Amino acid sequence: MPVDQSHTSSPSIRVRFAPSPTGLLHVGGARTALFNWLFARHSGGTFILRIEDTDRTRFDANALRDILDSLRWLGLNWDEGPDVGGPHAPYLQSERLHIYREHAQQLLASGHAYYCFCSPERLDSLRSQQSIQTGYDRRCRNLSTSQVQRELDARTPYVIRFKMPLDGTTDFHDLIRGPISYPNTQQDDFVLLKTDGFPTYHLANVVDDHLMRISHVLRGEEWIPSTPKHVRLYDAFGWSPPVFAHLPVILAPGGGKLSKRHGAAAVAEYRALGYLPDALVNFLALLGWSLGPDRELASRDELIREFSLENVSKTAAQFNHEKLNWMNATYIRSLPLNQLAALVWPYLAQAGLVSDATPLDSIFPALKLAQERMQLLSDAVPQMRCFLADEIDYDPAAVKKFLSHHAVASHLRALMQRFAAIPDSHFTPAYLEPVINAYVAESGQSLKHVVHPLRVAVTGKAASPGIFETLACIGKRRTIARIAYALEHFAPTLPQSQ
RNA sequence: GGCCCGUUAGUCUAGUGGCUAGGACGCAUGGUUCUCAUCCAUGAAGCAGGAGUUCAAUUCUCCUACGGGCUGCCA
């Protein structure tokens, strides 16, 4: 077994997931959270949830609730966070404003930052005049003390900007990608503190990561270009930076950004559709990481045991719905009936197939048949409808194909009579099979010529579980009623005698 | 445009300076069978292209192409 160096050499591994509550938690964010969580759990470290709500214009209380709900649903429990607290509370950045202001002042005092009085309008026109984007022109970088004081006295709105080095490079090491180097001429004098007194991501993120003693920053690769800013900030504060590991992004099927256009993107949507959290976790874990050769399925504990940043891949991965569906189906099949019944219940209830008065175990027989035919929990509704509902819909194509032949009516009539003769308590697969086989033999038909029409008559569909199980599950009363209905409505009328 | 990151079948991936480049999803065919699903078996399908280093490159280096990201008082 490989020895995990990071575990032995640094006893306090602390990682964080730091979402911004501006929208529902999407699968990309969930994957980032998952890798942080797996890394923390694997190493016996601490997983922290920090909410980066520093953008007041985009804040969404709904999103905040959704992020917590979705993470909980996925089972990614956090050790410190806005709701559970912790030694570095608060974990909501909007409640830590004074900390960022103090730190901005500190950088001002040490000469690493400066007041900028440029208006948004000026910056806009600056940008529109630039044929190539070169960022802020640093107009306020060298204002004299008296000029600054004059503006301050005049109460001119300002931001505080960071003084990036004007030449040289900023280098850092990425655990997944190795050394990365950026020319400083590419870097802007980015804003630390906005006019409204809120910090930007860069300031708040660095300050909090330091204060919260974050040891490893695992985040999406879209953050690579701003890492030099962060490295410079750590430097200016005199702090040593955490280990950086930038995770590959998740792309939509076919490439490109993940969005609604490509189907579900939010965790909540997958949840509503009937995916199991274990399946989604397993699937997401395999996007950008692998268990090693020949392994796809793994429980949470196995994922935790096996997880390592060493084998996180560098390449962006496309989200593949077919594989997720396959995985969800295998997880569904592995569930004990009582658990599956509870999970499927809300869907059945919503479809009116069960009510509060329905005993849970009453759906077990039907569920057992549906179980290996479901990919989503919601599939229970179409799969189980013919077993749980009195009324069923008939698929016109199936009716046309299997109920329109002349021999059908006589078969159905004969079977209906024989079924009627079976005692209620014997209406079981084991009892039905010989009954039907006997009829098939007597009538000189092949089994399928009898079974297919029967199936359509009692289920309304051309496909169903095995006919004997299906009949038994539907029950004697409904079976006979449906055959009668089919005879009356679909089967061609034939002379009584045959 | 500039900068940065990346490139193994359609997709997710394993892997090595020398192997028939392995697995999974999906797809195809066959088996089981009353249909569907499951299950089993088999098959098609890949190292982006070009230089170089080397006895030998999918593996190392460079270039090109392609993909992605950043270039905000968003995160």
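Reckoned from all heavy atoms, side chains included, excluding hydrogens, waters and symmetry mates. Every chain is numbered from 1, with letters handed out A, B, ... down the list of sequences. This is a predicted model, so every value here is computed, not measured.
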Notebook entry, point to check: When the nearest nucleotide of RNA chain B is assigned to Pro120(A) and to Gly288(A) on a heavy-atom basis, which residue is associated with the more 5' position?
Noted result: Gly288(A)

Item checked: Nucleotide nearest Pro225(A) when distance is taken to its side chain, options G72(B), C70(B), U11(B) -> C70(B)

Next item on the list: Side chain of Gln318(A) only, please: which of A75(B), C5(B), U11(B) is the nearest?
Entry: U11(B)

Notebook entry, point to check: Can you list every salt bridge (charged side-chain N to carboxylate O under 4.0 Å, His left out) pair that touches residues 445-456 of chain A, not counting sequence neighbours?
Noted result: none

Next item on the list: Identify whether any heavy atom of Phe402(A) sits under 4.0 Å from a base atom; if not, whether one sits that close to sugar-phosphate; answer base, sugar-phosphate or nothing.
Entry: nothing

Next item on the list: In plain terms, say whether Asp174(A) and Lys314(A) are close enough for a salt bridge, that is, a side-chain N and a carboxylate O under 4.0 Å apart.
Entry: no

Notebook entry, point to check: What orientation do Phe307(A) and Phe35(A) show, parallel under 30°, tilted 30 to 60°, or perpendicular over 60°?
Noted result: perpendicular

Check: Going by modelled atom types, is there a donor-acceptor pair between the base of C36(B) and the side chain of Arg373(A) at under 3.5 Å?
Finding: yes

Check: With nearest nucleotides of RNA chain B determined for Arg333(A) and Trp289(A) from heavy-atom distances, which residue corresponds to the more 5′ nucleotide?
Finding: Trp289(A)

Note to self: Rounded to whole Å, how long is the line connecting atom NZ of Lys314(A) with atom P of C4(B)?
What the structure shows: 18 Å

Next item on the list: Hunt down the Watson-Crick or G-U wobble partner of G18(B), both distances under 3.5 Å, from any strand shown, or write none.
Entry: C55(B)

Checklist line | Whole angstrom value for the distance that separates C1' of G23(B) from CZ of Arg295(A) | finding: 12 Å

Check: Does U11(B) have a Watson-Crick or wobble mate here (both distances under 3.5 Å), and if so which one?
Finding: A24(B)

Next item on the list: Check every strand shown and say whether Thr54(A) touches a base, only sugar-phosphate, or nothing at a heavy-atom separation below 4.0 Å.
Entry: sugar-phosphate

Check: Ser290(A) near the nucleic acid: base, sugar-phosphate alone, or nothing, with a heavy-atom cut-off under 4.0 Å?
Finding: sugar-phosphate

Next item on the list: Provide the distance between the two C1' atoms, one in G10(B) and one in A45(B), to the nearest whole Å.
Entry: 9 Å

Note to self: Measuring only the C1' atom in each nucleotide, how far is G52(B) from C4(B)? A whole number of Å is fine.
What the structure shows: 25 Å

Notebook entry, point to check: Reckon Lys194(A) has a side-chain N or O less than 4.0 Å from the OP1 or OP2 of G72(B)?
Noted result: no

Notebook entry, point to check: Quick one: Ile176(A) CD1 to U7(B) P, roughly how many Å, whole number?
Noted result: 13 Å

Next item on the list: Pick base, sugar-phosphate or nothing for Ser464(A), based on heavy-atom distances below 4.0 Å to the nucleic acid.
Entry: base

Note to self: Side chain of Thr315(A) only, heavy atoms from C-beta on: which candidate in C3(B), C73(B), U8(B) is closest?
What the structure shows: U8(B)

Checklist line | Any Arg161(A) side-chain nitrogen or oxygen under 4.0 Å from OP1 or OP2 of C73(B) | finding: yes

Notebook entry, point to check: So, are Asp278(A) and Arg300(A) salt-bridged, with charged N and O less than 4.0 Å apart?
Noted result: yes

Next item on the list: Determine the interatomic distance between C1' on G50(B) and the same-named atom on U42(B); round to the nearest Å.
Entry: 38 Å

Check: Rounding to a whole Å, what distance do you find between Leu247(A):CG and G6(B):P?
Finding: 14 Å

Next item on the list: Sticking with atom P, work out how far C3(B) lies from G26(B), rounded to a whole angstrom.
Entry: 44 Å

Notebook entry, point to check: According to the Watson-Crick and G-U wobble definitions, with both distances under 3.5 Å, which nucleotide is paired to G67(B)?
Noted result: C5(B)

Next item on the list: Mind checking Ser446(A) for me? I need base, sugar-phosphate or nothing, with any heavy atom below 4.0 Å counting as a touch.
Entry: nothing

Check: Side chain of Val159(A): nearest nucleotide among G23(B), C73(B), C5(B)?
Finding: C73(B)

Next item on the list: For nucleotides G69(B) and U29(B), find the distance between their C1' atoms and express it as a whole number of Å.
Entry: 43 Å

Check: Lys323(A) side chain: which of C12(B), A37(B), A75(B) is closest?
Finding: C12(B)

Notebook entry, point to check: Among G68(B), C5(B), A75(B), which is the nearest nucleotide to the side chain of Arg58(A)?
Noted result: A75(B)

Notebook entry, point to check: Can you pull the side-chain hydrogen bond (donor to acceptor under 3.5 Å, both in side chains) pairs that have at least one residue in residues 322-333 of chain A, sequence neighbours excluded?
Noted result: Tyr275(A)-Asn325(A), Asn282(A)-Tyr331(A), Glu296(A)-Lys323(A)

Next item on the list: Taking only the side-chain nitrogens and oxygens of Arg50(A), find out if one of them lies under 4.0 Å from OP1 or OP2 of A75(B).
Entry: no

Notebook entry, point to check: Could one point to a donor on the side chain of Glu222(A) or the base of G68(B) with an acceptor on the other under 3.5 Å away?
Noted result: no

Next item on the list: Would you indicate what Ile467(A) reaches in the nucleic acid, counting non-hydrogen atoms under 4.0 angstrom: base, sugar-phosphate, or nothing?
Entry: base

Margin query: Does anything in residues 448-463 of chain A come within less than 4.0 Å of RNA chain B? Heavy atoms only, and list the residues if so.
Written below: Val451(A), His452(A), Arg455(A), Ala462(A), Ala463(A)

Checklist line | Residues Asp171(A) and Ser181(A): side-chain donor-acceptor under 3.5 angstrom | finding: yes

Check: When the P atoms of C74(B) and G68(B) are considered, how many whole Å apart are they?
Finding: 27 Å

Checklist line | Integer angstrom distance from the P of A51(B) to that of G2(B) | finding: 27 Å

Next item on the list: Report which part of the nucleic acid Pro19(A) touches: base, sugar-phosphate, or nothing (heavy-atom distance under 4.0 Å, all strands).
Entry: nothing

Item checked: Passing candidate, side-chain hydrogen bond (donor to acceptor under 3.5 Å, both in side chains) with Asp189(A), options Arg141(A), Arg161(A), Lys163(A) -> Arg141(A)

Next item on the list: Look up atom CH2 in Trp289(A) and atom CG in Asn311(A), then write down how far apart they are to the nearest 0.5 Å.
Entry: 7.0 Å

Check: Taking atom C1' of U11(B) as reference, at what distance in whole Å does atom CD1 of Ile250(A) sit?
Finding: 14 Å

Next item on the list: Establish, yes or no, whether a centroid distance under 6.0 Å links the rings of Tyr91(A) and Trp78(A).
Entry: no

Check: Given atom CG of Leu324(A) and atom P of G26(B), what is their separation to the nearest angstrom?
Finding: 12 Å

Next item on the list: Counting Watson-Crick and G-U wobble pairs only, both distances under 3.5 Å, name the nucleotide matched with C62(B), or none.
Entry: G50(B)

Item checked: Value in whole Å for how far the C1' atom of A75(B) lies from CZ of Phe190(A) -> 14 Å

Next item on the list: Find the partner of C73(B): check Watson-Crick (N1-N3 plus N6-O4 or O6-N4) and G-U wobble (N1-O2, O6-N3) distances, both under 3.5 Å, and reply none if neither fits.
Entry: none

Next item on the list: Could you check Arg385(A) against Asp393(A) for salt bridge (Lys or Arg N to Asp or Glu O under 4.0 Å), going step by step and ending with a plain yes or no?
Entry: CA-CA 9 Å; Arg385(A) 170 158 267 133; Asp393(A) 292 327; 5.7 Å; no

Margin query: Classify Tyr182(A) by what it touches in the nucleic acid, base, sugar-phosphate, or nothing, heavy-atom distance under 4.0 Å.
Written below: sugar-phosphate

Note to self: Nearest whole Å is fine: how far is C3(B) C1' from Gln186(A) CD?
What the structure shows: 4 Å

Note to self: Atom NZ of residue position Lys476(A) - does it have more than 12 heavy atoms of other residues, nucleotides or ligands inside 6.0 Å?
What the structure shows: yes

Note to self: Which nucleotide, if any, forms a Watson-Crick or G-U wobble pair with C39(B), using both distances under 3.5 Å?
What the structure shows: G31(B)

Next item on the list: Please measure how far the C1' atom in C47(B) lies from the corresponding atom in G23(B), and state the result in whole Å.
Entry: 16 Å

